[in-house]
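To start, the structure itself, in structure tokens.
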Number of protein chains: 2
Amino acid sequence: MLTKTKREKEVFFDYLKEHGLNRTAQKELVLDTFLKTEGHLSVEDTYQQAKQKDLSIGYVTVYRTLKSLVACGLAREVDLGDGRTRFEHFYNHPHHHHIICTTCKKTIEFLSTDLEQLQEEIIRYYGFEPLYHSFQIYGTCNDCQHKRTGSVRRTETVNDKVFLRDALRIVIDFENKGLDFYRAAAEHTKNASGRLMFSKIADEEKDHLAVLKIKYEKLLSRNKTLAQEPQFLHFNPAILDEIFPPGEAIPKLINEDTNELQALTIAIDSERDSYEFFQRYAERFKDSKGKRIFVSFTQAEKQHLTSLQREYERLTGQRSAKAP
Amino acid sequence: MLTKTKREKEVFFDYLKEHGLNRTAQKELVLDTFLKTEGHLSVEDTYQQAKQKDLSIGYVTVYRTLKSLVACGLAREVDLGDGRTRFEHFYNHPHHHHIICTTCKKTIEFLSTDLEQLQEEIIRYYGFEPLYHSFQIYGTCNDCQHKRTGSVRRTETVNDKVFLRDALRIVIDFENKGLDFYRAAAEHTKNASGRLMFSKIADEEKDHLAVLKIKYEKLLSRNKTLAQEPQFLHFNPAILDEIFPPGEAIPKLINEDTNELQALTIAIDSERDSYEFFQRYAERFKDSKGKRIFVSFTQAEKQHLTSLQREYERLTGQRSAKAP
DNA sequence: GTAAGTGCAAACGGTTTGCATAAAG
DNA sequence: CTTTATGCAAACCGTTTGCACTTAC
């Protein structure tokens, strides 16, 4: 925990130094209180928590320190519609929106890159220079709809584990879809060399998938509550069918003559699309640990793409600039 | 104006009667003040305006009456981030979101059905029963970016004219795209009867388009400022290419043998898709004058579709249940 | 020692309520 | 003549500031 919040503390203390502000015990206490709580803290919340460690601390000090946390980029003010300003982690935390249960006040954080892109298109249409946007959905959560009052889940801000889990899920979705596609393609390919190429790529996909699944299972088993955490990252699954055509579309792509080079070209196209999807997806995140996770997956996709392109060059015997 | 606000007044007075509340001069004054202003009124704004007609009216009365307007469904409270609650028209006004210029406080209202759909998908994913959602984008408007302080445009809530204009624009976009498609299809069709069918449909499309364009021009010429009003309705233009394949895709659809029946089938498919798009689009609106406008366009599309289907039945000489 | 911080109390600003009086039905 | 509305003042509540005293550097 200490190492995790170390950089945040540095950010704050650097900010103080740069602005000629003093480092005091009260400020450190508020900072610690904020850092150790992964939720949406109001001034009152923070004050109550801080008072348990220092009876003499004042409400105003908490208030002013929280404002400094915003100023130095560690925190972000968020309006959840209950009339009080709440402070949530901002530093290294991905941008997101909130779904708020009006009954039990539980909040779910989520990020949809499609939503982000859409709002960006709209604002660009009007010639606005966007500063920030806020999107809240109010409704009744599943538990409250069924009057299950028992499950009082703490509403936490999303953490890196959830981000990693969701990133893995997305990548696994892609690899699964890819595997299905290459297998089906192999089956439909009459040409022996083409069929071999498809099944070779399917095997690579299977290996990669196995590695990812182990990673995923390890992550879940190390974090017992992680499986229950709501999904944070969203994407439009229609993209999967665009990149890896579903079974019924395969006969249109593949015919008697699909040879190894053509199979490779088809695979390179799909892998390039996947890679570009991940790259675009990652672009939408502010710099954060989550982004770095995602970028690392992007790198893996890139490597696979590159190795297929090498294979293509090897087969055509030329380092052609026209390599697909 | 009187006739326009008549129904709104009825709504309010009915609400009063139903709840055993008295009809007073003050309430009527606040109602009139609200109805005649097509903007985002704060309690203070409304109070100041009302006081010009009745010096003795109290702030609290205004406050309480505005709350009643919300209760009876005429108004909606909206938070534009400046710390005060604003009231905007809700009755017969389409649901929308706000883009707010943080410099000049100008607001632009917009509606994107793609955005609505996306948010609905996300909330359904989490098992939430949505109540309402708020989406604000804060930024710097075009004028303020270029320091053009001169244009102090009143920020009005969107009105039926804008809605009608945007609905017309969308329909015209569709008809234009359709016309292009049928013309290109006619050109590419070698079979004489198929070619004739495509150009017949293109002519129908052209006629319809001409009617719409006249409607559009008339609307703009009757409302001099309408052309400058920002666009309210948005849709993803990619759908156009899906419904009416662009030029380069036409050779895949049409070959030497495309006869009149096949041409008709292709047209019926496209027209059905258009009709369904409009229907889905209209579904996203709350009941409003705008919705009725849109539904009337939908009806026109439906009629065109039906007439094509009749033609199909006539040609095949059967009222087949399998008619496409 | 000087600049900044703290904690109290008090102010602020938008919202809401209590209450005596006025008006509606 | 009962019920509801009005308008004033005052309370509320989260936020913010003024100020005398304290602490950091």
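So that the names make sense, note that chain A is the first sequence line, chain B the second, and so on, each numbered from 1.
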Salt bridge or not between A:Lys161 and A:Glu229? Use side-chain N to carboxylate O under 4.0 Å. no
Atom OH of B:Tyr63 and atom P of C:dT17 are separated, to the nearest Å, by 6 Å
Can you tell me the distance, in whole Å, between the CG atom of B:Asp79 and the P atom of C:dT15? 10 Å
Measure from CG on B:Leu80 to P on C:dG14 and round the result to the nearest Å. 15 Å
Which nucleotide, D:dG7, C:dG5, D:dT15, lies nearest any side-chain atom of A:Arg84? D:dT15
Under 3.5 Å, is there any donor-acceptor pair linking the side chain of A:Arg64 to the base of C:dG7? yes
For a quick check of understanding: with a heavy-atom distance under 4.0 Å over all strands, which category does A:Lys67 fall into, base, sugar-phosphate or nothing? sugar-phosphate
Criterion side-chain contact (heavy atoms from CB on, under 4.5 Å) against B:Thr5, the qualifying member of B:Asp32, B:Leu35, B:Leu31: B:Leu35
Ring centroid separation A:Phe285 to A:Phe163 under 6.0 Å: yes
When you measure from the side chain of A:Thr24, which nucleotide among D:dG14, D:dA24, D:dA5 comes out closest? D:dA24
Please confirm whether B:Arg7 makes a cation-pi placement over B:Tyr91, using NZ or CZ under 6.0 Å from the six-membered ring centre and within 45° of the ring normal. no
Rounded to whole Å, please give me the gap between CZ in A:Phe13 and P in D:dC25. 10 Å
Roughly how many Å is it from OH in A:Tyr59 to P in D:dT16, rounded to a whole number? 10 Å
Rounded distance in Å - CZ (A:Arg23) to P (D:dT23): 18 Å
Under 4.0 Å, counting only non-hydrogen atoms across every strand here, what does A:Ser42 touch: a base, just sugar-phosphate, or nothing? nothing
To the nearest angstrom, how far is A:Leu66 atom CG from C:dT6 atom P? 12 Å
So which one's nearest nucleotide on DNA chain D is more toward 5', B:Tyr47 or A:Val60? B:Tyr47
Along DNA chain D (nearest heavy atom to each residue), the more 5'-positioned of B:Ile57 and A:Thr85: B:Ile57
Indicate yes or no: does A:Glu28 engage A:Lys9 in a salt bridge with an N to O separation below 4.0 Å. no
Between B:Gly83 and A:Thr61, which residue's closest nucleotide on DNA chain C lies nearer the 5′ terminus? A:Thr61
